[in-house]
Amino acid sequence: MSAGLNGWWARALIDELCAAGASEAVICPGSRSTPLALACAAEPRLAVRSVVDERSGAFFALGAAKATGKPALVVATSGTAGAHFYPALLEAEASRVPVVALTADRPSELHGFGAPQTLDQQHLFGTHVRFFADLGIPEGTPEALRHLRAVAAAAAARALGTPRGPVHLNAPFREPLIPLTPPGPRQDDPKKNNFFSGGPADVLPAVRIAPGKLDPDEAALDAAARELSRRPRGVIVCGPRDAWDDLPRAVRALSESLGYPVLAEAASQVRFRLPEPVAHYDALLKHQSLARAVRPEAVVRIGGGLTSKTLQQWLDASAAWTLCLSEDGALFDPGHSASLAICGDPVRACAELARRVQRREPGPGAELLVAERRTRAALEAAFADEAQLSEPSVARALAAALPREALLFVSSSMPVRDLDAWASAGEARVLANRGVNGIDGIVSSALGAAAATGQPAAALLGDLALLHDLSGLLAARRLGVPLLLVVVNNDGGGIFNFLPVAQATDRFEELFATPHGLDLSHLAALCGARLSRPRTASELRACIREALGNGLHIVEVRTERTANVEKHRELQRIVAAALEAP
């Protein structure tokens with residue numbers, strides 16, 4: 001009876017996770033996970049996709065959960081398979097993404113005596129998941145099934161709770177994993193399928209656990225409003241944040257009430273939804289006289305850790321009274337400069353502060369807005385005069401060309417820095433893995449976001465990030481999910497050319513830049529992707545119009561690493577000249 005019981009057990013588990021909102025499942029092929037895979041496939045509430053590589057599959061689930069805000073499942077067999085989830089789960093932990101890792105396991109009697117594909121999977125991911133449970137060998141009693149359902153409900157609630165994040169459920173199964181007689185045709189009622197036979201027919205679902213949001217403390221809001229009202233010179237700074245909600249409207253209301261300009265990252269979901277944000281703060285604040293002149297007395301911080309080191313250092317050096325609006329209690333405050341942190345929904349916190357502060361007209365912050373306008377005009381002219389695409393102009397042109405309904409997934413390292421520093425216009429939602437800032441899994445993450453939302457999607461990444469995630473290209477080909485990959489190919493790790501080590505050793509190319517010398521046309525042919533190589537901004541825009549939402553397309557822009565360093569310096573000189581002009 002164990003094979004039918006395995007099916008019932010797996011079906012009850014998946015049913016509970018779907019009841020909590022899961023709508024995406026990634027199945028990595030394996031034997032011991034057969035009951036879980038078939039239970040997912042039989043669940044009409046799940047979009048089920050098979051991804052060969054567990055590392056890619058976990059990043060796919062990460063992208064899906066990041067884009068939808070719902071739990072996404074990723075399933076692996078026993079042994080080393082689940083260990084490949086680790087990088088994606090570390091990112092999910094840091095960036096508060098509800099990924100549910102389901103690892104199949106061998107029964108206890110096979111552990112410790114050399115059985116193949118067996119390792120200790122208890123707490124496999126340590127403290128990096130919000131919740132772990134070993135589900136035990138399936139049992140056929142109503143009490144055991146009720147407990148299984150309750151554990152699944154609790155796991156989903158922790159994934160969606162405060163703070164959000166990944167959870168891990170370990171599921172051991174005994175053989176036979178499926179009935180020895182082939183199941184009949186799939187029917188709407190899984191109880192009529194042989195695989196799901198052999199268990200109790202009427203086990204009620206577990207209690208529904210509805211995760212809540214933290215409510216900002218009223219007294220703290222009053223105290224913050226008093227402090228901000230006393231300080232006319234201030235800024236609102238928005239770091240990365242995935243949610244696509246009313247935060248831009250609330251931030252605008254607070255900005256208008258305080259007279260503070262808004263410095264918003266491209267991945268904050270705020271920059272491109274405000275009429276006049278300060279987008280070029282990284283270049284502006286490198287101009288020392290301006291940075292001193294606009295030093296704030298007060299700072300309102302929203303969202304995750306900042307991409308711009310220049311901005312973070314300017315804030316830390318300002319000695320400003322700093323308010324952190326923390327969604328879940330976590331502080332993104334590496335310089336320990338926060339004066340007050342208010343935990344709770346930042347949309348409500350901003351709206352309440354806008355209502356409570358003493359209203360004023362734009363004050364000293366207007367100087368920063370004037371500098372932003374000058375910089376925008378100067379950069380617009382400089383980029384228009386480019387004869388050939390540069391790394392900054394690729395990021396800028398891509399953001400501006402994508403339509404409102406599109407997603408843009410941007411890689412860490414130079415792509416996210418270029419987008420943040422130079423993109424002033426755009427309408428697309430921008431997502432990035434900025435929890436632990438790795439360049440791994442970017443193709444798979446973008447693919448998961450595209451698949452889960454059905455939106456046309458593009459990814460901006462470098463050549464090394466692409467090579468880090470070749471399995472993502474395999475998944476894109478197998479699944480047929482349209483994806484546009486804009487790859488800046490400088491034949492190595494271009495970010496290292498900006499660091500002192502570039503001039504400090506004659507082994508720089510070998511140990512840091514790591515050129516690969518690969519021709520990406522062969523890679524495109526291998527995965528069935530179309531390849532374009534635009535040389536100008538107008539050619540890039542044409543590629544985007546043609547390729548977005550139309551199959552798998554790689555747009556390769558070739559650049560040179562040392563020339564890229566000089567291009568950034570040239571742009572900084574242009575900004576300085578604009579700021580110093582009479």
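Computation of the quantities below employed the complete heavy-atom set of this structure, encompassing side-chain atoms and omitting hydrogens, waters and symmetry-equivalent molecules. Predicted, not measured: the structure shown is a model, and the values here were computed from it.
- Taking CG of L398 as the start and OG of S393 as the end, the distance is 11.0 Å to the nearest 0.5 Å.
- One side chain, D418 or H568, offers a donor N or O that lies under 3.5 Å from an acceptor on the other.
- Taking every heavy atom of both residues into account, L419 and R271 meet most closely at O-NH1, 3.6 Å.
- Within 6.0 Å of the CD atom in E405, the count of heavy atoms belonging to other residues, nucleotides or ligands exceeds 12.
- Side chains of D282 and D420 form no contact here, defined as non-hydrogen atoms less than 4.5 Å apart.
- Counting only heavy atoms from C-beta outward, the side chains of P392 and F383 approach each other to under 4.5 Å.
- Judged by distance alone, the side chain of R301 and the main-chain N or O of G304 form a donor-acceptor pair under 3.5 Å.
- Screening residues 291-300 for salt bridge (charged side-chain N to carboxylate O under 4.0 Å, His left out) gives no qualifying pairs among residues at least two apart or on separate chains.
- Formation of a donor-acceptor pair under 3.5 Å by the R396 side chain with backbone atoms of W422 is found in this model.
- Qualifying ring pair (Phe, Tyr, Trp, His ring centres under 6.0 Å) partners for F332, counting only residues two or more places apart in sequence or in other chains: none.
- Heavy-atom contacts from other residues, nucleotides or ligands closer than 6.0 Å to CZ of R374 number more than 12.
- At distances below 3.5 Å, not a single donor-acceptor pair connects side-chain atoms of Q269 with backbone N or O atoms of R429.
- Checked against salt bridge (Lys or Arg N to Asp or Glu O under 4.0 Å), R273 has no partners two or more places apart in sequence or in another chain.
- Counting only heavy atoms from C-beta outward, the side chains of I209 and L160 never approach each other to under 4.5 Å.
- In this structure, CG in L368 is found 10.0 Å from CZ in R233, a value given to the nearest 0.5 Å.
- With contacts defined as side-chain heavy-atom distances shorter than 4.5 Å, the pair I14/L102 qualifies.
- Across all their heavy atoms, S268 and G239 have their closest contact at CB-O, 3.1 Å.
- For E265 (side chain) and T307 (main-chain N/O), a donor-acceptor pair under 3.5 Å exists by modelled atom type.
- R359 and S257 share a side-chain donor-acceptor pair at under 3.5 Å.
- Side-chain atoms of W314 never come within 3.5 Å of backbone atoms of L285 as a donor-acceptor pair (strictly under, hydrogens ignored).
- Applying the salt bridge (charged side-chain N to carboxylate O under 4.0 Å, His left out) test to pairs two or more places apart or on separate chains, none has a residue in residues 150-166.
- No side-chain donor-acceptor contact under 3.5 Å links R355 to the backbone of A351.
- Formation of a donor-acceptor pair under 3.5 Å by the E372 side chain with backbone atoms of H280 is found in this model.
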Stepwise side chain to side chain contact (heavy atoms under 4.5 Å, CB included) test for L148 and L145:
CA-CA 5 Å; L148 170 72; L145 278 166; 4.1 Å; yes

R45 vs D15, test: side chain to side chain contact (heavy atoms under 4.5 Å, CB included). Steps then yes/no.
CA-CA 9 Å; R45 288 169 291 181; D15 177 63; 2.5 Å; yes

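- Remark: side-chain polar atoms of S326 are not paired, donor with acceptor, to backbone N or O of C343 under 3.5 angstrom.
- In terms of heavy atoms, S412 sits closest to I439 at O-CG2, 3.8 Å.
- One finds the OG1 atom of T103 at 6.5 Å from the CG atom of L124 (value rounded to the nearest 0.5 Å).
- Minimum interatomic distance between C350 and L247 (heavy atoms only, all atoms of both residues): SG-CD1, 4.3 Å.
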Step by step, would you call D469 with D440 a side chain to side chain contact (heavy atoms under 4.5 Å, CB included)?
CA-CA 6 Å; D469 197 15; D440 47 348; over 6 Å; no

Please tabulate, for the side chains in residues 86-101, all donor-acceptor contacts under 3.5 angstrom to protein atoms that are two or more places apart in sequence or on a different chain.
residue, atom, partner, partner atom, Å
E91, OE1, G435, N, 3.4
E91, OE1, V436, N, 2.9
E91, OE2, S95, OG, 3.2
E91, OE2, R434, N, 3.3
E91, OE2, G435, N, 2.7
E93, OE1, H128, ND1, 2.8
S95, OG, E91, O, 2.5
R96, NE, D328, OD2, 2.8
R96, NH1, A94, O, 3.3

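- Between the side chain of S255 and the main chain of Y260, a donor-acceptor pair closer than 3.5 Å is present.
- At a threshold of 4.5 Å between non-hydrogen side-chain atoms, the residues L315 and S337 do not count as touching.
- Nearest approach of A171 to L36, heavy atoms of both residues: CB-CD1, 4.3 Å.
- Atoms CZ and OG, on F60 and S444 in that order, are 8.5 Å from each other to the nearest 0.5 Å.
- Using a cut-off of 4.0 Å between Lys/Arg side-chain N and Asp/Glu carboxylate O, E16 and R11 are scored as not salt-bridged.
- Within the structure, the ring pair (Phe, Tyr, Trp, His ring centres under 6.0 Å) test picks out the following pairs touching residues 147-169 (sequence neighbours left out): F125-H168, F132-H168.
- Closest non-hydrogen pair, A399 versus A423, comes out as CB-CB, 3.9 Å.
- Using a 4.5 Å cut-off on side-chain heavy atoms (C-beta onward), F85 and V74 make contact.
- The CG atom of L13 sits 9.5 Å away from atom CZ of R149, with the distance rounded to the nearest 0.5 Å.
- Under the salt bridge (Lys or Arg N to Asp or Glu O under 4.0 Å) test applied with E24, the options R49, K66, K70 reduce to a single match, R49.
- Residues D134 and Q122 are in side-chain contact: their nearest non-hydrogen atoms beyond the backbone lie under 4.5 Å apart.
- By the 4.0 Å N-to-carboxylate-O rule, E227 lies too far from R356 to be salt-bridged with it.
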Going through the checks in order, is the side chain to side chain contact (heavy atoms under 4.5 Å, CB included) test met by L447 and F59?
CA-CA 9 Å; L447 193 66; F59 274 109; over 6 Å; no

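- For the atom pair CG (L284) and OG1 (T375), the distance works out to 4.0 Å, reported to the nearest 0.5 Å.
- Checked by atom type and distance alone, the side chain of S411 never pairs as donor or acceptor with a backbone atom of L461 at under 3.5 Å.
- Salt bridge annotation for R376-E276: absent, with no cationic side-chain nitrogen under 4.0 angstrom from a carboxylate oxygen.
- At least one side-chain heavy atom of L483 sits under 4.5 Å from a side-chain heavy atom of V443.
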